[in-house]
Protein chains: 2
Amino acid sequence: MRTLNPNVSVDCLVFGYEAGELKLLLIQRDASRANDRSVLSWTLPGDLIQDDEDLDDAAHRVLQELTTLDRVFLKQFGAFGDPSRVRRPADKIWLEKTRAFPEARVITVAYYALVNVGHFSPSPSNFAVDTQWMSLNEIPDLAFDHNLIVQKGIETLRNEVESSTIAFQLLPEKFTLSQIQELYETILDQPLDKRNFRKKILALDILKPLKEKQKGVSHKPAQLFRLKLFKKN
Amino acid sequence: MRTLNPNVSVDCLVFGYEAGELKLLLIQRDASRANDRSVLSWTLPGDLIQDDEDLDDAAHRVLQELTTLDRVFLKQFGAFGDPSRVRRPADKIWLEKTRAFPEARVITVAYYALVNVGHFSPSPSNFAVDTQWMSLNEIPDLAFDHNLIVQKGIETLRNEVESSTIAFQLLPEKFTLSQIQELYETILDQPLDKRNFRKKILALDILKPLKEKQKGVSHKPAQLFRLKLFKKN
DNA sequence: CCAAAAGTGTTATCCGTACACCCATGC
DNA sequence: GCATGGGTGTACGGATAACACTTTTGG
């Protein structure tokens, strides 16, 4: 039997990249279930875990249920458990209308995901009535302690992109070197030198140049690359 | 009212450094409360959180209650929640004898601490009947999924010592450059060049040479240092 | 005087950084 | 032909890595 654990939830920070901006996928909670307009507020996709489910599995399930996103890269980055995280009246009302134990103290385990906005098309389901990509610098006041979680998640992402290639998951399958550079500049929030950046990325030996080039641009068309599936020896 | 939350625990990895070895503080659970010798097994110090308590506070409290260690440096490094983490018969028996809801599914939030073995003297209390420093390469089979947590904690520590000065917390107040080097060699499990290591550490400008020297050694006595309280400008 | 660890400096190499011009395309 | 972004190489400086001998103490 599957029963929800009243004390443990997972929340997912879903990063996407579009039009030169880092975005976060937020959902709006179901007002009809809560029956009160004031309860309409933006939150991270997240929910209670099942009692018989691993944390990572719970994160995947919840993300799938609320946004239809499936099989995305997800990484745990922290547990949050300030007992006073439920302080807004709207959050309380929402819990009362939707949870079996609205007074239960909940700690949440946070994950971040990196998705290619063009590849996935999230749509609201379950108690999510709307999903929306929001630019990082336009994130509104979120429910519970979700703004804190977002801050910590962005820091974690910044630290991790510098020593791994996870950032490529934000790009379409085929991309140009300038697109990667723009992405890194966006995530790290600093300009990077073009020649040095290219040298460094190519030296990683993880990119395969395609025979294709950019089309329909009014300048020299750029070489397209994709991630190598396997490294050569 | 303080009530234990049946679904969330904290566990602490307490690292100590002694005789050139990294050690971990383990506790042995109370056999009299469990009333069964087979339940005597080594575990990380950890316990359920209180419903009205922050996770970080819970980690400090639990560590204090089980080992008397107080006000130590503690850092969260992950949440573990495999529902099959209670698989050994001994773990089940122990839960049945000690927990109000022995069948409850528990996720645990893990912390690591770095302590100066000479400075703190842990002693067992509460349900801990014994505490012992164990070398990292002699860690026995632990309860629940604690061996997994230990592995992840060691990795985290290795990553973090290279970009911070947390490792100094494992040393006594006064130490020699060779002691620091030996500590880093132990944590990173690799030899380091003496002259280069000294240059690098001294360049950090965080060490204050004392007027004292090592005593009672049958070789040239080494300069003693302590951490600077404040950096000079 | 012997053993043991402390302490010290120079050189070669690698890596990060700074920087400017020509190229291919669409309009 | 002009505007736009694509694409390229080199020189410098700082950091890292390799390396061997003298010093001070206790026994």
Side-chain angles (χ1 to χ4, degrees), chain A residues 17-21 158-159 161-165 167-168 171-226, chain B residues 17-21 158-159 161-165 167-168 171-226:
Chain A
Y17 177 66
E18 201 179 26
E21 284 190 312
R158 288 212 170 114
N159 288 331
V161 289
E162 298 202 79
S163 53
S164 76
T165 57
F168 287 84
L171 292 174
E173 301 92 284
K174 300 173 182 178
F175 46 80
T176 69
L177 294 178
S178 293
Q179 283 177 298
I180 313 176
Q181 183 176 344
E182 196 191 8
L183 170 60
Y184 271 86
E185 288 178 333
T186 303
I187 297 177
L188 300 175
D189 197 25
Q190 57 173 302
L192 300 169
D193 180 88
K194 183 162 65 159
R195 280 179 281 197
N196 295 334
F197 183 81
R198 285 168 181 237
K199 246 181 291 176
K200 210 160 139 182
I201 287 286
L202 292 174
L204 293 177
D205 192 34
I206 53 166
L207 296 188
K208 186 173 183 72
L210 301 174
K211 284 167 194 158
E212 260 175 289
K213 297 203 168 183
Q214 249 183 342
K215 279 182 183 162
V217 288
S218 74
H219 54 77
K220 180 172 175 179
Q223 174 69 245
L224 287 167
F225 292 82
R226 67 164 171 79
Chain B
Y17 178 66
E18 200 178 28
E21 284 190 311
R158 287 214 171 113
N159 287 332
V161 287
E162 297 200 80
S163 54
S164 75
T165 57
F168 286 84
L171 292 174
E173 301 91 286
K174 300 172 183 179
F175 47 80
T176 69
L177 294 178
S178 294
Q179 284 176 297
I180 313 176
Q181 184 177 342
E182 196 192 9
L183 170 59
Y184 271 87
E185 289 178 333
T186 303
I187 297 177
L188 300 175
D189 196 26
Q190 58 174 299
L192 300 169
D193 179 87
K194 183 161 66 158
R195 280 180 281 195
N196 294 333
F197 182 82
R198 284 167 183 239
K199 248 179 290 177
K200 208 159 139 183
I201 286 288
L202 292 174
L204 293 177
D205 192 36
I206 54 166
L207 297 187
K208 187 175 181 73
L210 302 174
K211 283 165 195 160
E212 258 175 291
K213 296 201 168 185
Q214 251 185 338
K215 276 180 185 165
V217 289
S218 74
H219 55 76
K220 181 171 174 177
Q223 175 69 246
L224 288 167
F225 292 81
R226 67 163 171 78

- Query: Out of A/Leu207, A/Leu224, A/Leu210, which residue meets the side chain to side chain contact (heavy atoms under 4.5 Å, CB included) rule with A/Phe175?
  - Reply: A/Leu207

- B/Lys194 has an atom NZ; how far is it from atom C1' of C/dA4, in whole Å? 10 Å

- Message: Give me each pair satisfying side-chain hydrogen bond (donor to acceptor under 3.5 Å, both in side chains) with a member in residues 183-196 of chain B, each pair once, sequence neighbours excluded.
- Response: B/Gln181-B/Glu185, B/Asp193-B/Asn196, B/Asn196-B/Lys199

- Under 4.0 Å between any heavy atoms, over every strand shown, what does A/Ser178 touch: base, sugar-phosphate, or nothing? Just pick one. sugar-phosphate

- B/Gln190 atom CD is separated from D/dA17 atom C1', nearest whole Å, by 13 Å

- Query: Can you check whether A/Thr176's main-chain N or O pairs, donor with acceptor, with A/Gln179's side chain at less than 3.5 Å?
  - Reply: yes

- B/Leu204 has an atom CG; how far is it from atom P of D/dT16, in whole Å? 10 Å

- Query: When you measure from the side chain of A/Gln214 to the backbone N and O of A/Pro221, does any donor-acceptor pair fall under 3.5 Å?
  - Reply: no

- Task: Just jot down the salt bridge (charged side-chain N to carboxylate O under 4.0 Å, His left out) partners of B/Glu212, sequence neighbours excluded, or say none.
- Result: B/Lys174

- The correct set of residues in residues 216-224 of chain A placing a heavy atom under 4.0 Å from DNA chain C is A/Val217, A/Ser218, A/His219, A/Lys220, A/Pro221

- Return the value, rounded to whole Å, for the distance between atom CZ of B/Arg195 and atom C1' of C/dT10. 9 Å

- Query: Is there a donor-acceptor contact under 3.5 Å from the side chain of A/Arg226 to the main chain of A/Pro209?
  - Reply: no

- Between P of C/dT17 and NZ of A/Lys200, the distance in whole Å: 6 Å

- Query: What integer distance in Å separates A/Asp193:CG from D/dT10:P?
  - Reply: 16 Å

- Note on the structure: Assign each of B/Lys199 and A/Lys213 the nucleotide of DNA chain C bearing its closest heavy atom; nearer the 5' end lies the nucleotide of B/Lys199

- Measure from CG on B/Leu202 to P on C/dG7 and round the result to the nearest Å. 10 Å

- Query: For A/Arg198 and C/dC15, what is the distance between atoms CZ and C1' respectively, to the nearest whole Å?
  - Reply: 20 Å

